[in-house]
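Lettering follows sequence order; numbering is per chain, from 1. Everything quoted here is computed from the prediction, not taken from an experiment.
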Amino acid sequence: MNTLIFRTVAPFLTALMLLFSVFVLLRGHNEPGGGFIGGLIAASGLAIFGIARGVAAVRRALFFHPLSIAGCGLFLSTAAGLLSILVGVPFMTGLWIYPKLLGLEVPLSSVMLFDLGVYLVVLGAITSIALALEEKEMG
Amino acid sequence: MEPLLAILVGLFFAAAIYLMLSRYSIRIMLGIAILGNAVNLLIFTGGRLTRAVPPIIPAGLDALPAGTANPLPQALILTAIVISFSFLAFLLVLTYRAYQDLGTDDTSEMRAAEPDDRPLPPLGY
Amino acid sequence: MIAFLFNLLLAIAWVTVTGSASLHNLVFGFLLAALALAVIREPFGGGGYLRRTRLVLSLMGLFLKELSLSAWKVTLTVLSPDMKLKPGIFAFPLTVTSDFEITLLANLITLTPGTLSVDVSTDRRTLYVHALDCSDPEAARRGIANGFERKIMEAFR
Amino acid sequence: MAAPTATVDLAAALVTAPVPLGHWPAILPVAHCITLGAVLLMVRAYPRLQAWLAISGLAGLALMDAALLAKVAAEGPLTMVMGRWLPPFGIAFTVDLFGALMAFTAALAGLAGGIYALADIGESGRRYGFFPLLMLLMAGVTGAFLTGDVFNLYVWFEVLLISSFGLIILGSERQQIDGALKYAVLNLIATTLFLVGVGILYAIFGTLNMADIAGKARDIGGTAPLMSLASLFLLAFAMKAAAFPVNFWLPAAYHTPRITVSALFAGLLTKVGIYALVRVMVMLLPAERAELSLLIALAAAATILVGALGALAENDVRRMFGHVVISGIGNMLAGVALGNAGGIGGAVFYALHSMVLMTALYLAAGEIARRGGGFCLSDLGGLYRQSGGFAALSLVLFLAACGLPPFSGFWPKVMLVKASLDSGAWWLAAAILAGGFLTTVAFGRLFLLAYWRPAPMTLAPSRPSWRTVLPIAALTVLTIGFGILPERLLALSQAAAAGLADPQAYLHSVFPEGGQR
Amino acid sequence: MMAYLLAAVTALLLIAGSLFALAAAIGLVRLPDLYTRMHSASKAGTVGSGLLLFAAGLYSQDPAVVARALAGFVFFLLTAPVSAHLLARAAHRSGHDLGAISVRDDMRNR
Amino acid sequence: MITPAAIVAVASSAALVILGLALLLTVWRVVAGPTLPDRILALDMLTGIAIGFIAVIAVKTGFFLYIDIAISLGLVGFLATVAFARFVLSRGNIKSPPSASAAKGGAKRRRAGRTEG
Amino acid sequence: MADVTALTFLALCLPLAGALAAPLVIRILGANGAWLLAAAPLFAFLHFLRLLPQIARGQTITGGYAWVPSYNLSFSWFLDGLSLAFALLITGIGTLIVLYAGAYLRGHGDQGRFFSFIFLFMGAMLGIVVSDSFLMFFIFWELTSITSFLLIGFDHEREAARRAALQALVVTGGGGLCLLAGLLVLWNMSGVTQMSQLIGAGDLLRESPLYLAALILVLGGAFTKSAQFPFHFWLPNAMEAPTPVSAYLHSATMVKAGVYLLMRLNPVMGETPAWEILLPFFGGLTLVVGTALAIRQTDLKLKLAYTTVSSLGLLVMLIGFGSDHAVEAAALYLVAHSLFKGALFMVAGIIDHETGTRDITRLGGLGRAMPLTWLIALAAAFSMAGLPPFFGFLAKEEIYAALAGGDIRAITFTAITVFGNALMFAVAFAVALKPFHGRPAQTPKIAHEAPILLWLGPAVLAVLGLLSAVFATFTHAALSSPIAAAIRGDPVEIAISLAPHLGLPLALSLLTALLGIGVYWQLDRARFWMAVFLRAAGRGPDHGFDLAMSGLVRFAGRLIRFVQPGRLEIYVACTFLCLAAILIIPPILYGELPHLPAWPADVRLHEWAVFLIAAFGLAAVLVAHDRLTAIVSLGIQGFAVAVIFLLFGAPDLSFTQFMVETLSVVILALVMTRLRLSPDDRRPPGRRLFHGALALVCGLGFSLLLLRATQAPFNDALTAFFNAYSKTIAHGANVVNVIIVDFRGTDTLGEIAVVAVTGLAILALIRIRAGSERKLAANDPDAVGAGE
Ligand code: NA
Ligand code: NA
């Protein structure tokens with residue numbers, strides 16, 4: 001949809017949506033949200049970008065093929081589960097560390113890694129679908 | 001509350017099934033979309049209903065106070081929603097491909113895999 | 001420069017949205033925003049905005065006022081028993097030229113009373129506007145040119 | 001957020017005892033498959049690397065499953081609760097003999113399919129994800145066999161289902177699209193019914209852990225709609241397994257994809273349905289199974305006969321084999337219907353035999369087409385003259401499929417007929433034998449027409465490729481091995497059946513303290 | 001007293017917002033053609049839901065919620081005109097003419 | 001004694017009812033059309049009202065976390081409208097002969113199917 | 001004496017070793033490899049021969065190894081007079097056949113393969129007669145069916161051979177399944193799994209209510225294998241096999257398996273009315289039909305084949321009689337038949353081999369060119385005709401002695417036997433005289449005397465036929481009496497010898513000979529009248545087989561096209577019909593209907609509104625006449641569900657539902673863009689009504705089930721657990737999310753696997769174009785759609 005207005009607005013919207021998606025991802029553990037919804041929002045943002053500026057622009061922007069991103073996410077999630085073998089606890093046991101970063105305690109956990117994986121999978125897969133459909137549309 | 005929801009669930013199932021009984025792939029897809037909702041509502045109701053108290057532990061408390069909604073069915077449904085969404089997406093694209101390649105949305109005309117004129121195997125030896 | 005500013009804006013947006021105004025959160029938000037922007041880096045070629053912040057704010061003020069009015073007017077229109085409408089699409093010759101300015105103008109027009117941007121011509125010289133009251137297109141054109149368009153040019157040039 | 005400060009009784013929430021490394025085999029096969037699937041997804045652009053990763057990964061999976069089987073056979077059921085949460089709160093992977101046997105056999109079939117794919121799946125198929133799909137299919141199959149949680153079972157079902165969707169359309173021929181649509185819609189209905197069953201089950205039991213359910217089902221009976229629930233599960237799994245009268249999706253679709261895919265489907269998918277049926281009906285709801293046994297037996301008999309007749313009626317070799325798969329499902333259902341040790345043991349043995357055999361049969365069908373130029377009986381011929389070795393392999397597979405000795409199909413058939421006669425279901429025994437007879441006729445005709453009959457035109461001498469011959473030959477050797485030296489497998493099947501009929505060991509593995517709420 | 005004031009303002013915002021939304025809906029039903037209906041939806045509708053969001057933010061007395069409510073509102077402001085533009089443009093391009101009541105269409109002769 | 005909470009409760013209930021009415025009217029437009037863009041517009045509007053609905057529920061229940069749902073709904077609602085606009089555009093000109101647009105995709109045209117969506 | 005068990009096992013394995021070695025040996029040594037290969041059965045024969053004295057003393061030999069202990073099955077054997085005699089015949093004649101085949105198939109490209117099959121068959125046959133365990137017996141039984149399939153179809157390029165092979169497989173394989181059932185019933189009845197243990201269980205079996213069922217099943221196996229009417233037809237067709245196969249299968253082995261089984265079971269199942277009616281009836285019938293058909297044939301092998309049928313009938317008849325004499329007669333005839341029929345088949349093969357034809361009407365005067373063969377043929381024919389001084393004579397005398405009696409049954413069967421024997425007499429000389437004397441006829445090949453490998457086998461058999469009669473006392477002691485004892489279940493002394501004895505049997509023999517000469521005299525006329533008669537009687541079961549096969553395929557085709565019509569709508573309707581039944585019937589049948597719930601009192605107004613909107617959305621989807629209305633209505637019900645989630649405390653669900661519902665609608669719209677389709681309901685009204693009713697029933701069923709399930713008391717232990725530990729241990733305030741990523745994270749792992757695969761699958765679906773694989777194979781660079 002080659003309209004000047006949409007082309008101009010889309011990047012801002014996409015950036016906002018990506019930002020919001022990370023926000024939703026990170027707070028999911030305590031409030032509604034999480035990796036899946038975050039991923040959906042991010043993918044929606046990229047879809048808007050793609051509709052406005054073409055699939056090629058999104059592909060350039062992502063650098064990796066969306067499915068590789070999904071694969072990476074799946075890998076991270078499984079890895080988050082497998083980490084526990086190092087500690088001698090069962091698969092998928094939540095592991096938490098609290099490193100001090102610039103004087104502030106930052107909670108990091110395998111659970112977050114897992115949710116990040118979910119986010120990436122959803123982002124990658126849905127973007128891949130959207131781009132494939134969109135590309136077809138043009139062709 | 002559950003009886004009312006049970007009736008609604010029945011309606012959802014009935015609508016989904018009626019749509020899926022159609023010959024036309026688009027109506028089948030619509031039916032599948034509704035079917036997913038029907039099942040989710042069923043699981044939701046099956047976990048018993050509580051009004052408007054989300055299972056989110058308020059700041060300052062260590063555990064949920066009594067009277068909050070049952071979180072487990074919600075978690076199950078979340079998984080189910082995602083899965084049924086994935087399947088719906090796949091099926092939609094499949095329908096599109098089927099229409100493109102087979103030239104029809106009428107499933108009773110989609111006979112590439114099982115044509116009417118399938119021959120019998122040779123009867124001799 | 002634009003990238004940096006927009007980045008900072010996004011970081012501030014992050015801080016407000018997350019509701020934690022610590023330095024860490026700002027830095028984190030800045031990083032995230034940078035990431036988000038990196039994804040859509042193409043549109044940010046050059047130019048600068050910082051010095052026009054005041055003008056932007058004034059534009060925003062005008063806009064909010066117009067928006068409130070607009071909603072009210074529409075409400076009145078639809079609730080009036082006989083909607084005396086003379087709708088139509090008129091062409092508005094654009095003075096602003098950059099993508100950003102045209103977009104901003106078009107959106108502001110949409111959000112103001114009785115007008116709605118439908119399209120920009122391919123040569124980017126004309127904006128087609130739908131108006132609920134199209135009995136006097138010239139007046140409408142003048143209103144836009146002296147209102148939003150002028151303010152935009154002030155703020156962004 | 002800060003580290004938790006509140007004092008919590010950890011022992012009431014977590015498995016506090018250290019988990020030995022020896023428990024990891026319960027989850028590793030699945031984690032391995034998913035990890036590898038993820039990696040393959042990332043290296044989709046490098047087909048050669050993909051192939052080698054996938055094959056070595058599948059071999060690794062087979063080794064892991066073998067180790068798991070050995071462990072379970074030696075020490076009894078093995079449980080690992082994900083996330084250390086006490087059962088039934090966390091998801092437990094509980095591996096008993098039944099699950100371990102199925103998983104191991106599935107891995108073998110998957111490995112064979114993977115090797116065959118090297119020759120069968122072309123460039124575009126690989127680029128669009130054959131190997132990642134295969135790995136995730138294996139993840140779904142293995143997960144389904146190993147999990148001890150009903151909802152988790154549903155999830156693995158879906159993983160394998162969507163992977164199968166992906167596999168079935170690789171190639172995108174018209175036939176494939178048509179077959180895939182039917183396959184997808186009908187299978188989706190089946191999994192949805194399964195999900196409904198899980199929802200109702202949760203509404204009734206308030207738990208999802210199989211051991212927990214197995215323990216509670218015996219108390220709850222009579223106060224809850226367990227018969228309706230059991231019937232629902234029966235329908236859902238019967239559809240998955242392709243039992244008559246809900247078997248239509250299988251012949252509608254199995255002949256359309258690439259032959260490797262058909263082989264994997266035939267070997268794995270319906271067996272997962274049977275697995276779930278056995279797990280749920282025999283272990284979780286035994287009283288309800290007994291009530292429904294007549295219905296199941298009728299369905300079994302009909303499935304056997306319709307499948308066998310279908311095999312006779314098809315001109316396309318792949319469709320014929322599809323009906324043979326169905327007929328086999330009928331045999332397994334018969335075992336479930338009987339429900340006694342012989343019946344369940346026979347069903348288990350049959351399932352294992354069928355996984356190996358059906359994979360091999362479809363791979364052989366691919367080889368038939370490669371050598372004979374097509375799948376249609378009316379055009380085939382001369383295969384015997386062309387290669388005696390391949391004809392011999394095929395013949396062994398055919399005979400095994402007919403249930404003739406001394407190949408693997410014989411033993412489960414004997415067990416099932418014996419079990420039928422023991423419980424007085426002579427008509428079921430008759431159906432099993434009649435099915436075997438009709439299958440024999442069908443395969444006899446196939447051998448006559450495609451192998452013995454002179455070729456309609458001179459066949460080009462085919463270049464044998466180790467990628468196609470090795471998997472078929474290896475599976476054939478297994479078939480012969482199971483036939484001639486059945487003791488180990490038979491003993492394991494019977495032990496698995498005993499474990500299902502009396503799940504005390506299973507329960508104990510999940511609840512070592514015996515504590516259940 | 002503050003509580004009453006807050007409650008009153010919230011109540012006012014709630015009622016006003018929902019009324020705006022209702023007005024937009026009425027407009028959607030009453031206005032004669034697509035393009036006029038768009039005015040109703042893109043203005044009254046946006047303001048209506050914006051007011052309701054703001055009411056929620058206000059009543060929560062939590063700056064974070066207020067900020068989010070505002071962010072949401074801004075987002076609608078960004079998207080509403082774009083979607084109106086896209087829809088109007090698409091409709092016009094695909095041959096949906098202005099209603100009979102219209103007096104002028106400069107786009108027709110492009 | 002009228003408490004502040006009661007005031008808000010009454011107002012929010014009233015708002016819910018008003019919004020419910022608005023929803024019904026909008027739904028009517030969705031179903032009545034008459035043209036495709038009309039329906040799309042109505043659906044867009046429906047999203048907007050739903051956002052307001054969620055905000056009111058947030059007030060009513062005191063769970064302000066619902067606001068995030070409203071925001072995301074705004075985001076994807078926009079996406080839906082964009083997609084529908086594309087749909088309208090790609091359908092081609094409704095006034096030109098239908099065969100020109102329907103031939104796309106190489107698929108056989110439905111005998112009885114209606115092109116108007 | 002070396003370890004008998006190990007040696008016996010070795011002897012049993014020798015044929016298998018031969019099968020494996022044969023292709024290699026033949027490839028290296030050519031046809032002369034037969035000498036080497038013959039060593040395998042010869043050694044086995046010698047081993048069994050060594051056991052003869054022990055068995056003759058009335059002992060039995062058992063042995064074996066554990067095989068499938070968990071099924072109480074061992075690889076075990078049981079040798080008594082009967083099994084040993086069979087083992088000797090199988091290995092002995094087998095040795096001769098191997099030599100014979102070496103010459104007969106000299107230069108044949110597949111000779112090695114042929115030997116493999118023959119050895120496999122030999123091993124299977126040996127297995128049948130020595131097996132102690134039922135299951136092992138059955139396994140070998142089926143193996144003979146399979147290997148005979150391969151042997152009969154050896155000339156597979158000829159349709160007739162393929163047909164005959166399939167026929168044999170179908171008939172004997174089908175019978176085998178009957179037998180399996182019968183054996184399992186026997187196992188069930190007696191509780192034993194070994195033949196040797198069964199012998200003591202005779203009374204138990206005969207009194208069991210399952211006796212008749214078991215008998216019929218076993219007879220189903222035995223009659224098909226031993227070609228009893230009406231299953232006789234496969235046997236003559238099996239003459240499509242090369243002559244060595246015919247000679248082997250139809251003299252001492254394959255077709256005798258059924259007879260062996262009946263003999264084996266006689267002590268435990270015999271002497272009951274059913275046994276004594278069924279066996280003689282079918283045996284007698286088979287005797288008559290077989291001889292009659294034999295007369296009609298002009299093909300040497302077919303003539304012999306039909307007499308095999310009648311001989312088998314005779315044996316079955318005798319076993320059915322079960323008297324001492326009958327059993328003795330059966331034992332004698334068993335041996336005699338094996339010897340003469342093997343010899344005659346080989347002679348027929350020699351004639352065929354040397355002249356190129358087997359048609360009796362085209363042969364004559366061969367005696368001059370092939371005197372030795374003629375001599376052999378005459379010797380065998382004498383035995384077959386029951387003339388002294390051959391073993392056949394003893395057998396026939398004993399048969400008549402057995403049948404002699406006063407009652408009508410005896411007279412009838414005597415008449416039948418005399419008739420049958422007379423015809424066999426005629427056939428014997430038709431085979432042994434017609435081709436050899438008279439004017440030499442033109443044959444495709446010029447006849448010469450056969451090479452040694454060809455005549456050696458028949459010569460040995462013919463000589464044995466003579467010697468065994470001459471030294472009858474020794475033969476009886478070593479062979480016949482132990483056989484009879486095994487059949488009878490008691491020790492038996494057979495006394496008959498060539499020594500002159502007057503009496504009714506001799507008179508009957510004379511009558512038989514006279515009749516036989518008469519028939520031989522009028523052979524051409526008899527053949528003509530027989531043909532006329534058979535034509536009048538209609539086509540036999542052989543033609544019926546063709547009809548059955550094609551009918552079966554046609555029926556199956558019709559059935560499968562009915563149950564597998566290829567229309568998705570029918571599949572779906574069938575599925576939902578099953579669903580409706582499952583949802584409605586069990587609750588009614590098992591009293592699981594819910595009790596009537598109290599009407600919920602506290603439903604609020606806006607809740608009603610949401611329910612209504614949901615229902616409205618559903619209705620709108622159903623009646624939508626165009627795609628967008630349908631899609632948008634779909635969105636309405638989806639939104640309503642999301643709001644329901646919101647109203648009942650599930651913000652995460654609501655969140656996700658909103659997102660997913662919107663995205664579904666988006667994808668629907670994107671896809672619809674390219675599908676110019678109408679979602680209109682284009683069903684005829686009747687179908688609509690049916691579908692509507694079906695859908696409503698299913699919906700009602702789900703409602704009832706859900707209602708009933710929620711009326712049971714709820715166990716919320718899981719929820720309590722999650723609520724208690726979500727924050728304290730898992731560090732998350734949003735319990736739902738903690739469940740998703742921690743408590744039940746494995747579910748989510750599977751879920752994202754689904755999502756990832758969906759991405760991949762859809763990409764494949766969109767990108768791969770039909771035929772791209774094919775194009776790629778042809779190195780077409782444009783094959784895969786847009787590159788990545
Ligand atoms: Na999730
Ligand atoms: Na708007």
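The main-chain N or O of G/L622 is found under 3.5 Å from a side-chain atom of B/R27 such that the two form a donor-acceptor pair. Judged purely by atom type and a 3.5 angstrom limit, G/R561 uses its side chain to pair as donor or acceptor with the backbone of B/R118. Put simply, the side chain of B/E2 never gets that close to the backbone of G/P597: no donor and acceptor are under 3.5 Å apart.
Of the listed residues B/L11, B/L49, B/L42, the one with more heavy-atom pairs under 4.5 angstrom with chain G than any other is B/L42. Note: B/L21 leads B/T107, B/L120, B/L21, B/I17 in heavy-atom pairs under 4.5 Å with chain G.
Side-chain contact between G/V641 and B/N40 is absent, with no heavy atoms from C-beta onward closer than 4.5 Å. A 4.5 Å side-chain heavy-atom check between B/P71 and G/T719 finds at least one atom pair inside the cut-off. For the pair G/F648/B/T50, no side-chain contact is recorded, criterion being any heavy-atom separation below 4.5 Å from C-beta on. Put simply, the side chain of G/Q657 does not reach to within 4.5 Å of the side chain of B/I77, judged on heavy atoms.
With salt bridges taken as basic N to acidic carboxylate O contacts below 4.0 Å, one links G/R567 and B/D116.
The contact between B/M110 and chain G is made entirely by backbone atoms, counting heavy-atom distances below 4.5 Å. With a threshold of 4.5 angstrom between heavy atoms, B/A59 approaches chain G through N, CA, C or O but not through any side-chain atom. Contact of B/S84 with chain G is not made at all, since no heavy-atom distance falls under 4.5 Å. For B/P58, the part lying near chain G is the backbone, with the side chain staying farther off; criterion is any non-hydrogen pair under 4.5 Å.
For G/D716, the side chain to side chain donor-acceptor pair (under 3.5 Å) criterion is met by no residue, not counting sequence neighbours. Annotation: side chain to side chain donor-acceptor pair (under 3.5 Å) contacts of G/S726 (sequence neighbours excluded): none.
When each of B/V9, B/L41, B/I7 is checked for a side-chain contact (heavy atoms from CB on, under 4.5 Å) with G/L706, only B/V9 meets the rule.
Scanning all heavy atoms of the two residues, the minimum distance from G/I766 to B/R97 falls at O-NH1, 4.3 Å.
G/Q637 and B/N37 share a side-chain donor-acceptor pair at under 3.5 Å.
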